[in-house]
Protein chains: 2
Amino acid sequence: MTKKLTKAAAAKAATRNPEAGEDAAPMSNRATRAAERRDAIVAAAMEEFIARGFAATRLDDIAKRAGVAKGTIYLHFKDKESMFEELVRTVIVPVVVKLSALPPPTSSVRDLIETFAGNFLKEVIGTRRGDLVRLIVAEGPRFPAVADFYYREVVSRGIAGMRALIELGIARGEIHQANLARYPQIVIAPAMIAVIWQSLFARHAPLDAQDMLRVHLDLIFGERRTT
Amino acid sequence: MTKKLTKAAAAKAATRNPEAGEDAAPMSNRATRAAERRDAIVAAAMEEFIARGFAATRLDDIAKRAGVAKGTIYLHFKDKESMFEELVRTVIVPVVVKLSALPPPTSSVRDLIETFAGNFLKEVIGTRRGDLVRLIVAEGPRFPAVADFYYREVVSRGIAGMRALIELGIARGEIHQANLARYPQIVIAPAMIAVIWQSLFARHAPLDAQDMLRVHLDLIFGERRTT
DNA sequence: TGACTATGACTGACTAGTCAGTCATAAATG
DNA sequence: CATTTATGACTGACTAGTCAGTCATAGTCA
């Protein structure tokens, strides 16, 4: 029983790091193909979970979409629930890494935040990742493990990072409202709303997220005079 | 087949309007009890759906919680799906009505919005209604009927109303950023984030929604000097 | 008013179908 | 050939929806 879980974890580890000993050696064919299959399953599972939610998603459908037999899924994941949890980790982590890479802090705080917003726009809003965020909001209460992970890895870091930027902005005189540092959520809120809007209401009323975020930054920093 | 649906609708109508002819006449015991049962089912269903999501909710559990046999549910609702849809309507409509009642427009735009935010805080944020909003975000994509209804009755009205207020604020010189009227979402966003935050992260990091909304209004209107 | 009948709200055991997870077998690999 | 990996038919638990039967209440009549 526990053996299988261990094996799944090992397979996952192999995906990113083919055995500590051989270091940079190329992965064996087997490991490569196993990793490819795992990725296919993760991709298929993401599509299905996003489209139907956790409970209504059938493993048969995931298997079919991934071009794999159902049993194969159980070679990589303990069960449906932990597949969902690992899926979230697998997809979220690279995004966080990407978005955490801030540009040189030589520019103005506004430019820093604007760059971040641009990346967020490109990497999340209106993409499958955005749908995944909506899915986390949807399933979070039923998956404390997911909600905890998301809070720890994404939300708390995002809030902390944004707070640091706001404080820098205040110190430099770019931001005039000191209280803003107490609620970084206010700065992030429109971006989150854009994510949800695209998932739910885009077909009723399309939203120009980029333009909206610019207006929001104008509100925080004051309107741009010259570039 | 269609008869049953009609009957359910009739029972529902009877809840609020006991037969057009007799006007103010008291409802018969039967109709009263039927209405009470329907309400009990709606309340039970809301709890269960919020806790488990649509797909994972068992009608047996709803019945048990409502103190009713499973068959009774089908006297009031066509099936699980339309029960969910009617539930959303039943719960949302009164809230919209309540929140639509604006105070006399003699006060400043800031006061108008602040009053609205206060009501929203009391009626939605941190309540079962707030959880329901999260549920709509969660299930919306799988229930176009629900998403459409919510967009039509809540979102589009809210956006339009807020836009009117913003334009008034601009005209009166209370709001300086004219572009804000193009994205009323920006004004509403923190309130929505507060709703979601309470559902998902309150136990990780409690959020003083009221204070946050005040800070946000300070950002839009400039900080308060005197009252 | 009291007795008798008609109504339809309510019940819950039951059916038919679904789907997560298993495992005996087969294929691939080295 | 031995071992690892993959398959998909199968099982058993679970649940949406049904329906024949019950019974409290409304209606009728003497």
Side-chain angles (χ1 to χ4, degrees), chain A residues 1-8 10-12 14-15 19 26-41 44-45 48-49 52-85, chain B residues 1-12 14-15 18-19 22 25-41 44-45 48-49 52-85:
Chain A
M1 284 298 146
T2 32
K3 272 292 144 59
K4 255 185 197 152
L5 181 55
T6 312
K7 194 160 42 165
K12 182 190 165 190
T15 305
E19 226 47 65
M27 280 190 286
S28 71
N29 271 350
R30 262 190 157 150
T32 306
R33 290 195 41 208
E36 277 168 2
R37 300 214 136 189
R38 189 183 190 277
D39 290 348
I41 292 170
E48 295 289 330
F49 281 137
R52 313 179 119 76
F54 177 81
T57 290
R58 283 167 297 232
L59 288 185
D60 285 308
D61 290 346
I62 294 177
K64 188 182 284 183
R65 187 188 278 265
V68 148
K70 186 155 66 150
T72 306
I73 292 175
Y74 287 87
L75 300 175
H76 293 273
F77 302 95
K78 177 171 153 282
D79 56 17
K80 195 184 177 187
E81 212 165 301
S82 52
M83 176 168 58
F84 180 63
E85 294 174 8
Chain B
M1 282 298 146
T2 30
K3 274 292 142 61
K4 254 185 200 154
L5 183 54
T6 311
K7 196 161 42 166
K12 182 190 167 193
T15 306
E19 226 48 63
E22 351 184 14
M27 281 189 286
S28 71
N29 273 346
R30 264 191 160 151
T32 307
R33 290 194 40 209
E36 276 168 2
R37 302 217 134 183
R38 189 183 190 277
D39 290 348
I41 292 169
E48 294 290 330
F49 281 136
R52 313 181 121 76
F54 176 81
T57 291
R58 280 164 300 221
L59 289 185
D60 284 311
D61 289 346
I62 294 177
K64 189 181 285 182
R65 187 188 278 265
V68 146
K70 186 153 66 145
T72 306
I73 292 175
Y74 287 89
L75 300 176
H76 293 274
F77 303 96
K78 178 169 153 282
D79 57 18
K80 194 183 179 188
E81 220 167 281
S82 50
M83 175 167 60
F84 179 64
E85 294 175 7

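Keep in mind the model is a prediction, meaning the values are calculated, not measured. These numbers come from the heavy atoms of this one structure, side chains and all, not from hydrogens, waters or symmetry mates.
Spacing between atom CG of A:Asp79 and atom P of C:dC19 amounts to 17 Å, rounded to whole angstrom units. What separates CZ of B:Arg52 from P of D:dA16 is a distance of 11 Å, to the nearest Å. One interatomic measurement links the two molecules: CD of A:Glu81 to P of C:dC19, which rounds to 18 Å at whole-angstrom precision. The distance from atom OH of A:Tyr74 to atom P of C:dA24 is 17 Å, rounded to the nearest whole Å. Rounded to whole Å, the distance from CD1 on A:Ile62 to P on C:dA20 is 8 Å. If you take CG of A:Leu75 and P of C:dA28, they are 16 Å apart, rounded to a whole angstrom. What separates CZ of B:Arg38 from P of C:dG8 is a distance of 20 Å, to the nearest Å. Taking atom CG on A:Asp60 and atom P on C:dA20, their separation rounds to 7 Å, with Å as the unit.
Proximity of B:Arg37 to the phosphate of C:dT11: a side-chain N or O atom is located under 4.0 Å from OP1 or OP2. An OP1 or OP2 oxygen of C:dC10 is reached within less than 4.0 angstrom by a side-chain nitrogen or oxygen of B:His76.
Below 30°, between 30° and 60°, or above 60°: for B:Phe84 and B:Phe49 the angle between ring planes is above 60°, a perpendicular geometry.
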Please determine whether side chain to side chain contact (heavy atoms under 4.5 Å, CB included) holds for the pair A:Leu75 and A:Arg37, giving the CA-CA distance in whole Å, both sets of side-chain angles, and the decisive distance to 0.1 Å. CA-CA 10 Å; A:Leu75 300 175; A:Arg37 300 214 136 189; over 6 Å; no
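Each of C:dG12, C:dG21, D:dT7 was ranked by its minimum atom distance to the side chain of A:Lys80; first place goes to C:dG21. Taking the side chain of A:Lys70 as heavy atoms from C-beta on, and the options D:dA9, D:dG17, D:dT7, the nearest nucleotide is D:dA9. Of the candidates C:dC10, D:dG8, D:dG17, the closest approach to any side-chain atom of A:Ala69 belongs to D:dG8.
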